[in-house]
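The first residue of the sequence shown is numbered 1, and numbering continues consecutively from there.
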Amino acid sequence: MDNESNDQKHDGQDPAKEREHEVEEAKETLSKYVNIKKFHFVMLLFITVLFTAVFSVFVLSFGDEKAVTVGIPERAEFNKLYEAYDAINEGYFMDTNEEDLVNGAINGMIDALGDPYSDYMNQEEAAQFTENISSSFQGIGAEIQSLNGVVTVVSPIKGSPAERAGILPNDQILEVDEDSIQGMSANEAVMLIRGEKGTDVTLTIQRPGMQDTMDITITRDDIPIDTVYYEMDDNNVASIQLTSFSEHTYEELTKAIEELEGQGMEAMILDMRQNPGGVLQQAISIADLFVPEGETIVQIEEKSGDKQVIAAQGGKKIDIPAAVLIDEGSASASEIVAAAMNEAGDIPIFGKTSFGKGTVQTAESFSDQSNMKFTTARWLTPEGNWIHEEGIKPTTEVNLPDFASLPFLDIDVDLEESMVSEQVKTAESMLEAIGIDPGEADGLFDEETKAAVEKLQDENDLEVTGIIDGETATVLMTAVRDELQENDPQVKAAEEFLMDEAGISSDQPAEDEEDDAA
């Protein structure tokens, strides 16, 4: 009966509706089938990924070491380095420090360049490198470099303990506190020489032209960050000294120029003697003040031979007569400025041939704050000259007096009659320099030497003993320094030229000079 009833319903239904009903049933069935298959697919994918991850971990942990390099481009040139690293790590008879080995490898690559201006710096050294151009630091205040394994002074910083102690350009530092630093990099030496303010460090110095070495004890201090010092004489000729090129030197210089212009400056001496250099961009900005717009300041030549020509821009220019002073301690950025002023600005140079550093370094920092400084280009003067290891020759060469290169006296050692030493000879030469005759400067402390010392003590209200003790030595060295500053032949030569160029006549009449002589 039921079958009959069903047959009746089926027989009595519209064919179109029946087909629609069948389609709907098919869609429902297909939907269920697809949903089931999709679930299976997702599960299968998940299981595959999980299996692959587990398998990879297993292979990397327990499989052949070659699995580690899967997907990494192979650098065959490092195979020897890897072999050496693994052999040392596994076979060295003591524990090794992985970081030290990596740092040593980088140091080795830098040393292989044979370039004294390229160096690797660890975190502490990199921080000190940044301090040198941006803030004050504690130490003796001398720019040094390593030349053929010998740490050599480029220049002491003006007003620094090193300058006060008599450190000179080209002094070779052989020992620090009786420990040899032969073969050390400049940064390694700096780490030993620097220290807390108020502490002492003793440097063993070999000075060119002197047979014996000398020990100089220096008390560390805060090293001044000011890089511009200036004064103006009665003839309105200003002398502006740049001691280095830090991040603020251009700003300091323009402020000094504004003040001097307000005081009636008619001519300018730019003194860059014993300036070891610094920030390249600061040198370019300063040279721009003296070079006509559009003229070349410096050319930077890269490894490829491509040259970047940096030209002077518009803006403020110095339009009064100017002259430049350089010497053996003028290096790098100071040489860029001097060359630009001379070749592109037609400004004369007085003094001695400069140091000769014609390369440009770039600092690249690592993620651990260590630093790699290496030479990336060389610079050429506006006329295309490369002054590396040759220096810039002055337009007018002017020597300083011999006493300017005398070593300082050891204030902890008394000098007295009957002594024979290099220190006695230095003291005799100093007495000669300030106009007190000690007899022959032969290193023998004789009666004439004693009489000269007594005269010095009497003129300076010291106890007259004829013995050069610490107080007398200090007075003598100060008198020598004052004599050089008051009668600096390099400054005087530049000043005479500028007064002639600017049409300046001396404010001091001839009659007064005759009265003074009388």
Side-chain angles (χ1 to χ4, degrees), residues 140-142 153 156 158-171 178 200-221 274 399-492 516-518:
I140 68 168
V153 176
K158 181 178 174 62
S160 67
E163 185 194 49
R164 293 194 296 269
I167 297 295
L168 297 176
N170 297 318
D171 279 350
E178 298 184 351
D200 290 341
V201 61
T202 299
L203 306 182
T204 300
I205 299 291
Q206 178 69 65
R207 179 159 294 168
M210 296 186 63
Q211 183 175 0
D212 296 332
T213 62
M214 52 186 167
D215 290 337
I216 300 180
T217 299
I218 306 172
T219 302
R220 301 179 178 102
D221 201 348
Q274 299 193 33
N399 293 315
L400 290 176
D402 291 340
F403 70 79
S405 59
L406 288 173
F408 272 31
L409 298 174
D410 186 348
I411 61 174
D412 295 324
V413 177
D414 288 353
L415 304 178
E416 54 188 286
E417 194 171 3
S418 298
M419 291 181 66
V420 180
S421 70
E422 284 293 321
Q423 282 277 287
V424 171
K425 185 175 181 179
T426 297
E428 291 172 326
S429 297
M430 288 183 174
L431 288 165
E432 282 183 338
I434 61 174
I436 299 177
D437 184 11
E440 185 179 356
D442 54 5
L444 171 62
F445 202 123
D446 54 19
E447 291 183 2
E448 288 182 283
T449 306
K450 181 179 180 181
V453 172
E454 290 174 344
K455 182 178 181 181
L456 172 71
Q457 293 171 331
D458 182 58
E459 291 177 351
N460 289 274
D461 298 325
L462 301 176
E463 182 182 359
V464 179
T465 63
I467 298 172
I468 302 178
D469 56 10
E471 186 177 14
T472 301
T474 300
V475 168
L476 178 56
M477 289 187 289
T478 300
V480 171
R481 183 184 298 137
D482 292 344
E483 173 67 24
L484 181 60
Q485 290 178 346
E486 292 173 8
N487 298 286
D488 187 329
Q490 294 172 342
V491 172
K492 287 188 176 297
D516 290 340

Show your working on side chain to side chain contact (heavy atoms under 4.5 Å, CB included) between Arg164 and Asp221 and close with a plain yes or no.
-> CA-CA 11 Å; Arg164 293 194 296 269; Asp221 201 348; 3.9 Å; yes
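- Closest of all the heavy-atom pairs between Ser429 and Ala441 is OG-CB, 4.0 Å.
- Residues forming a salt bridge (Lys or Arg N to Asp or Glu O under 4.0 Å) with Lys450 (at least two apart in sequence, or on another chain): Glu417.
- How far CG of Leu444 is from OG of Ser418: 7.5 Å, rounded to the nearest 0.5 Å.
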Listed pairs under 3.5 Å, donor-acceptor, residues 478-485 side chains, sequence neighbours left out:
unit_1, atom_1, unit_2, atom_2, d
Thr478, OG1, Thr474, O, 2.9
Glu483, OE2, Asn487, ND2, 3.1

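- Asp488 meets the salt bridge (Lys or Arg N to Asp or Glu O under 4.0 Å) test with Arg273; sequence neighbours excluded.
- Residue pairs meeting the salt bridge (Lys or Arg N to Asp or Glu O under 4.0 Å) criterion with at least one member in residues 202-219, sequence neighbours excluded: Asp171-Arg207.
- Note: Asn170 CG to Gln206 CD = 12.5 Å, rounded to the nearest 0.5 Å.
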Ignoring hydrogens and angles, write down the donor-acceptor pairs under 3.5 Å from the side chains of residues 401-413, residues two or more places apart or on other chains.
unit_1, atom_1, unit_2, atom_2, d
Ser405, OG, Asp402, O, 3.1
Asp410, OD1, Asp412, N, 3.0

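- Residues passing the side chain to side chain donor-acceptor pair (under 3.5 Å) test with Thr426: none are found, sequence neighbours excluded.
- Pairs passing the salt bridge (Lys or Arg N to Asp or Glu O under 4.0 Å) check and including a residue from residues 456-466, sequence neighbours excluded, do not occur.
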Between Leu476 and Ile434, is a side chain to side chain contact (heavy atoms under 4.5 Å, CB included) present by the stated rule, with each step listed?
-> CA-CA 9 Å; Leu476 178 56; Ile434 61 174; 3.7 Å; yes
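- For Ala162 against Gly141, the heavy-atom pair with the smallest separation is CB-O, 3.5 Å.
- Taking all atoms of both residues into account, the shortest heavy-atom contact from Ala165 to Ile218 is CB-CG1, 3.7 Å.
- For the atom pair Glu447 CD and Glu454 CD, the distance stands at 10.0 Å (nearest 0.5 Å).
- Taking each heavy atom of Pro489 and Asn399 in turn, the nearest pair found is CG-O, 3.4 Å.
- A side-chain contact (heavy atoms from CB on, under 4.5 Å) with Asp469 holds for exactly one of Val453, Leu462, Asp414; it is Asp414.
- Among residues two or more places apart in sequence or in another chain, the side chain to side chain donor-acceptor pair (under 3.5 Å) test is passed with Asp437 by none.
- The minimum heavy-atom distance between Gly159 and Glu163, with the atom names listed, is N-OE1, 2.8 Å.
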May I have the step-by-step check of side chain to side chain contact (heavy atoms under 4.5 Å, CB included) for Ile167 and Ile140, ending in yes or no?
-> CA-CA 10 Å; Ile167 297 295; Ile140 68 168; 5.5 Å; no
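- Between the side chain of Gln457 and the backbone N or O of Thr472 there is no donor-acceptor pair closer than 3.5 Å.
- With rounding to the nearest 0.5 Å, the separation of CG in Leu431 from OG1 in Thr449 is 8.0 Å.
- The shortest heavy-atom contact between Pro438 and Ala452 is CA-CB, 3.8 Å.
- Side-chain atoms of Glu428 come within 3.5 Å of backbone N or O of Gly443 as a donor-acceptor pair.
- Remark: Thr219 pairs with Asp200 by the side chain to side chain donor-acceptor pair (under 3.5 Å) rule, at least two apart or across chains.
- Every residue two or more places apart in sequence or in another chain was checked for a salt bridge (Lys or Arg N to Asp or Glu O under 4.0 Å) with Arg220, and none qualifies.
- The side chain to side chain donor-acceptor pair (under 3.5 Å) test applied to Asp442 returns no partner, not counting sequence neighbours.
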